[in-house]
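Keep in mind the model is a prediction, meaning the values are calculated, not measured.
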Amino acid sequence: QVQLVESGGGLVQAGGSLRLSCATSINIFTINTMGWYRQAPGKQRELVATITGTDSTNYADSVKGRFTISRDNAKNTMHLQMNSLKPEDTAVYYCHALVFRADSGWFNYWGQGTQVTVSS
């Protein structure tokens, strides 16, 4: 079982910044892909950004140029630096990990979520 614990959410004014962190309970090198997703009230969960074990990144068009995803392998932690925040970024942000186990296949793991609220 993989545990993911998010931190760093909060309330910020439009134009401000926040840094989310996701700590993993396993060696981060064993995780194929990690990512951040978000879900706003009344909306479906959507991808924000992903990062692979080779540090290949992918971003939603809505956050490109404002958000940066990174991995700290020494601390088994992933981060999301969010700059120039907008009210439409308000959502619960979830950490995700995709893990491949040779004996049983692919597994998806989710954190409990952290609230990000951007005031106008």
Side-chain angles (χ1 to χ4, degrees):
Q1 186 72 2
V2 176
Q3 291 185 326
L4 305 173
V5 180
E6 301 107 331
S7 61
L11 173 64
V12 64
Q13 289 188 331
S17 298
L18 281 174
R19 188 186 192 216
L20 304 184
S21 297
C22 174
T24 71
S25 62
I26 63 171
N27 188 324
I28 201 169
F29 285 109
T30 66
I31 300 175
N32 179 276
T33 301
M34 295 191 72
W36 292 95
Y37 291 73
R38 66 187 181 186
Q39 187 166 17
K43 295 187 176 181
Q44 290 188 330
R45 189 172 298 188
E46 63 176 5
L47 180 145
V48 176
T50 61
I51 185 167
T52 70
T54 56
D55 286 335
S56 176
T57 59
N58 179 53
Y59 296 92
D61 287 343
S62 60
V63 307
K64 282 180 181 177
R66 300 188 298 123
F67 291 11
T68 302
I69 190 170
S70 62
R71 289 164 59 133
D72 184 340
N73 295 330
K75 296 183 178 180
N76 292 327
T77 302
M78 175 182 65
H79 301 289
L80 184 69
Q81 178 66 42
M82 305 186 293
N83 298 328
S84 302
L85 282 161
K86 304 175 181 180
E88 50 263 44
D89 294 317
T90 295
V92 177
Y93 283 70
Y94 295 91
C95 174
H96 172 261
L98 180 64
V99 178
F100 178 76
R101 302 193 187 281
D103 59 345
S104 48
W106 294 96
F107 290 86
N108 288 283
Y109 298 95
W110 295 92
Q112 80 286 355
T114 185
Q115 177 70 47
V116 171
T117 303
V118 184
S119 63
S120 57

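Of all heavy-atom pairs between Asn76 and Ile26, the closest is CG-O, 3.6 Å. Of all non-hydrogen atoms in Leu80 and Ala49, the two that sit nearest each other are CD1-CB, 4.4 Å. Taking all atoms of both residues into account, the shortest heavy-atom contact from His79 to Asp72 is NE2-CB, 4.1 Å. Heavy-atom minimum distance, Pro87 versus Ala14: CD-CB, 4.1 Å. Across every non-hydrogen atom of Phe67 and Val48, the tightest pair is CD2-CG1, 3.7 Å. Taking every heavy atom of both residues into account, Gln3 and Ser25 meet most closely at N-OG, 2.7 Å.
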Passes side chain to side chain contact (heavy atoms under 4.5 Å, CB included), Ile69 versus Met78? Steps please.
-> CA-CA 7 Å; Ile69 190 170; Met78 175 182 65; 3.8 Å; yes
Using the side chain to side chain contact (heavy atoms under 4.5 Å, CB included) rule, take Leu47 and Asn58 through it: C-alpha gap first, then chi angles, then the decisive distance, then the call.
-> CA-CA 9 Å; Leu47 180 145; Asn58 179 53; 4.1 Å; yes
Working for salt bridge (Lys or Arg N to Asp or Glu O under 4.0 Å), residues Asp61 and Lys64 = CA-CA 5 Å; Asp61 287 343; Lys64 282 180 181 177; 3.1 Å; yes
Full working for side chain to side chain contact (heavy atoms under 4.5 Å, CB included) between Arg45 and Trp110 = CA-CA 12 Å; Arg45 189 172 298 188; Trp110 295 92; 3.2 Å; yes
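To the nearest 0.5 Å, atom CD of residue Gln81 and atom CG of residue Leu20 are 9.0 Å apart. Here the OH atom belonging to Tyr94 is positioned 10.0 Å from the OG1 atom belonging to Thr114, to the nearest 0.5 angstrom. Between the CZ atom of Arg71 and the OG1 atom of Thr57 there is a distance of 12.0 Å, given to the nearest 0.5 Å. Atom CD in Glu6 sits 5.5 Å away from atom SG in Cys22 (nearest 0.5 Å). We find the CE-CZ distance between Met82 and Arg66 to be 9.5 Å, quoted to the nearest 0.5 Å. With rounding to the nearest 0.5 angstrom, the OG1 atom of Thr52 is 12.0 Å from the CD1 atom of Ile31.
Under the 4.5 Å side-chain heavy-atom criterion for Ile, Leu, Val, Met, Phe, Trp and Tyr, Tyr93 and Tyr109 are members of the same hydrophobic cluster. When the side chains of ILVMFWY residues are joined at heavy-atom separations under 4.5 Å, either directly or via intervening members, Leu18 and Val92 end up in two distinct hydrophobic clusters. Both Met34 and Tyr59 are members of a single hydrophobic cluster when ILVMFWY side chains are connected at heavy-atom separations under 4.5 Å. Tracing side-chain contacts under 4.5 Å through hydrophobic residues (I, L, V, M, F, W, Y), one reaches Phe107 starting from Leu4; they form part of the same cluster.
Under the 4.5 Å side-chain criterion, counting only non-hydrogen atoms from C-beta, Arg38 is not in contact with Val116. Lys75 is not listed as a side-chain neighbour of Ser21, based on a closest heavy-atom distance of 4.5 Å or more.
Judged by distance alone, the side chain of Thr117 and the main-chain N or O of Thr90 form no donor-acceptor pair under 3.5 Å.
The aromatic rings of Phe100 and Trp106 sit tilted relative to each other, their planes meeting at an angle between 30° and 60°. Taking the six-membered ring where the residue is Trp, His96 and Tyr37 present perpendicular rings, their angle passing 60° and hence far from 30°.
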